Amino acid sequence: MKIVLISSSLSLYSHSRAMLTRAENYFLTKGVETDLIDLRNIELEWCDGRPLENYNSSLQDAFQRIQSADGAVIASPVYCYSVSGVLKNFIDICHKAFAEKYFAVIIAGGGDYSFMVTEQLKSILVLESRAFPLPRAVFANEKQFKNHQLNDAGVEKRLQQLADDLLRWIGESFK
Ligand SMILES: Cc1cc2nc3c(=O)[nH]c(=O)nc-3n(C[C@H](O)[C@H](O)[C@H](O)COP(=O)(O)O)c2cc1C
């Protein structure tokens with residue numbers, strides 16, 4: 001079983017990446033293999049509708065890593081009440097890699113009222129990729145961090161539940 005983790009924030013002190021890393025650590029304690037794709041390390045290009053083979057090898061490699069995983073966890077910042085443009089552009093290029101895959105969503109926002117972005121990200125991947133979103137997602141705002149480290153036991157617990165849910169759903173789908 002391998003879970004691909006996609007961190008889409010390009011921020012140095014990213015809260016969404018901090019949450020994703022917590023989830024990754026939890027997967028590792030359960031003996032699950034993980035593969036972290038940090039978009040800061042991918043040579044991003046703009047999506048213009050060309051076929052995947054005409055994008056650079058960094059994006060093609062990311063595509064293959066996603067496609068070869070059994071499930072995915074995607075982390076995004078909230079930008080203007082939506083996911084970041086960086087993530088949307090990446091999904092526009094790599095959306096076929098998510099086809100028929102179970103995925104979970106982690107979102108970091110500034111305020112209290114952006115949690116519905118979790119549903120936007122699910123919709124994008126359901127519509128673009130026919131992927132399967134987990135109903136429960138994890139959202140946290142700036143008050144739940146201290147010095148850019150997660151500082152909220154409730155969010156920590158929800159991240160573990162998210163990881164458990166994903167493993168359970170993938171396990172069920174393999175039966
Ligand atoms: C361009 C921009 C737009 C933002 N828009 C929102 C917003 O609409 N709602 C919100 O709650 N936070 C908003 N924020 C705050 C970010 O969601 C917050 O800083 C979050 O921690 C970013 O995730 P990251 O730390 O993983 O990069 C915005 C930040 C930026 C830079």
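Whatever order the structure lists them in is the order used to number ligands and atoms, beginning at 1. These numbers come from a predicted model, not from an experiment. Numbers here are sequence positions counted from 1.
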When rounded to the nearest 0.5 Å, the distance separating CD1 of Ile170 from OH of Tyr102 is 8.5 Å
**Prompt:** Would you say the side-chain atoms of Asn141 and Tyr113 include a donor-acceptor pair closer than 3.5 Å?
**Reply:** no
A student checking ligand 1 against Ser11 at a 4.0 Å heavy-atom cut-off should list atoms 27 (O)
So the atoms of ligand 1 within less than 4.0 Å of a heavy atom of Cys80 turn out to be 3 (C), 4 (C), 5 (N), 6 (C), 7 (C), 8 (O)
the protein heavy atom lying closest to atom 7 (C) of ligand 1 turns out to be Val78 CG1, 3.6 Å
- Aromatic ring pairing Tyr13/His148, orientation class (parallel under 30°, perpendicular over 60°, tilted between): parallel
Here the atoms of ligand 1 under 4.0 Å from any heavy atom belonging to Gly111 are 10 (C), 11 (O)
Among non-hydrogen protein atoms, atom 12 (N) of ligand 1 lies closest to Gly110 N, 3.0 Å
Just checking, any donor-acceptor pair under 3.5 angstrom between side chains of Gln144 and Asn151?
no
Atom 9 (N) of ligand 1 sits nearest the protein heavy atom Ser114 OG, 2.9 Å
Donor-acceptor contact present, side-chain Ser7 to main-chain Asp38, <3.5 Å: no
of all protein heavy atoms, closest to atom 20 (C) of ligand 1 is Ala108 O, 3.6 Å
### Query
When you check the side-chain N and O atoms of Lys2 and Thr34, is any donor under 3.5 Å from an acceptor?
no
So, 4.0 Å and heavy atoms of His148: is ligand 1 close enough to count as a contact? no
* List the steps, then state whether salt bridge (Lys or Arg N to Asp or Glu O under 4.0 Å) holds for Glu45 with Arg50. => CA-CA 11 Å; Glu45 294 187 74; Arg50 77 193 102 136; 3.1 Å; yes
Near Glu142 (heavy-atom distance under 4.0 Å), the atoms of ligand 1 are 18 (C), 19 (O)
Just distances here: any N/O of Arg17 and N/O of ligand 1 closer than 3.5 Å?
no
min-distance protein heavy atom vs atom 8 (O) of ligand 1 -> Tyr81 N, 2.8 Å
Any heavy atom of Ser9 under 4.0 Å from ligand 1? The part involved is side chain
of all protein heavy atoms, closest to atom 2 (C) of ligand 1 is Tyr79 CD2, 3.5 Å
Numbered in order shown, the ligand 1 atoms found under 4.0 Å of a heavy atom of Pro77 are 22 (C), 23 (O), 24 (P), 27 (O)
For atom 25 (O) of ligand 1, the closest protein heavy atom turns out to be His15 N, 2.8 Å
- Item | Verdict with supporting geometry, Asp164 and Arg168, salt bridge (Lys or Arg N to Asp or Glu O under 4.0 Å) | CA-CA 6 Å; Asp164 284 334; Arg168 193 166 61 240; over 6 Å; no
Heavy atoms of His95 and Ser129 approach each other most closely as O-OG, 2.9 Å
More than 12 heavy atoms from other groups under 6.0 Å of CZ on Arg40: yes
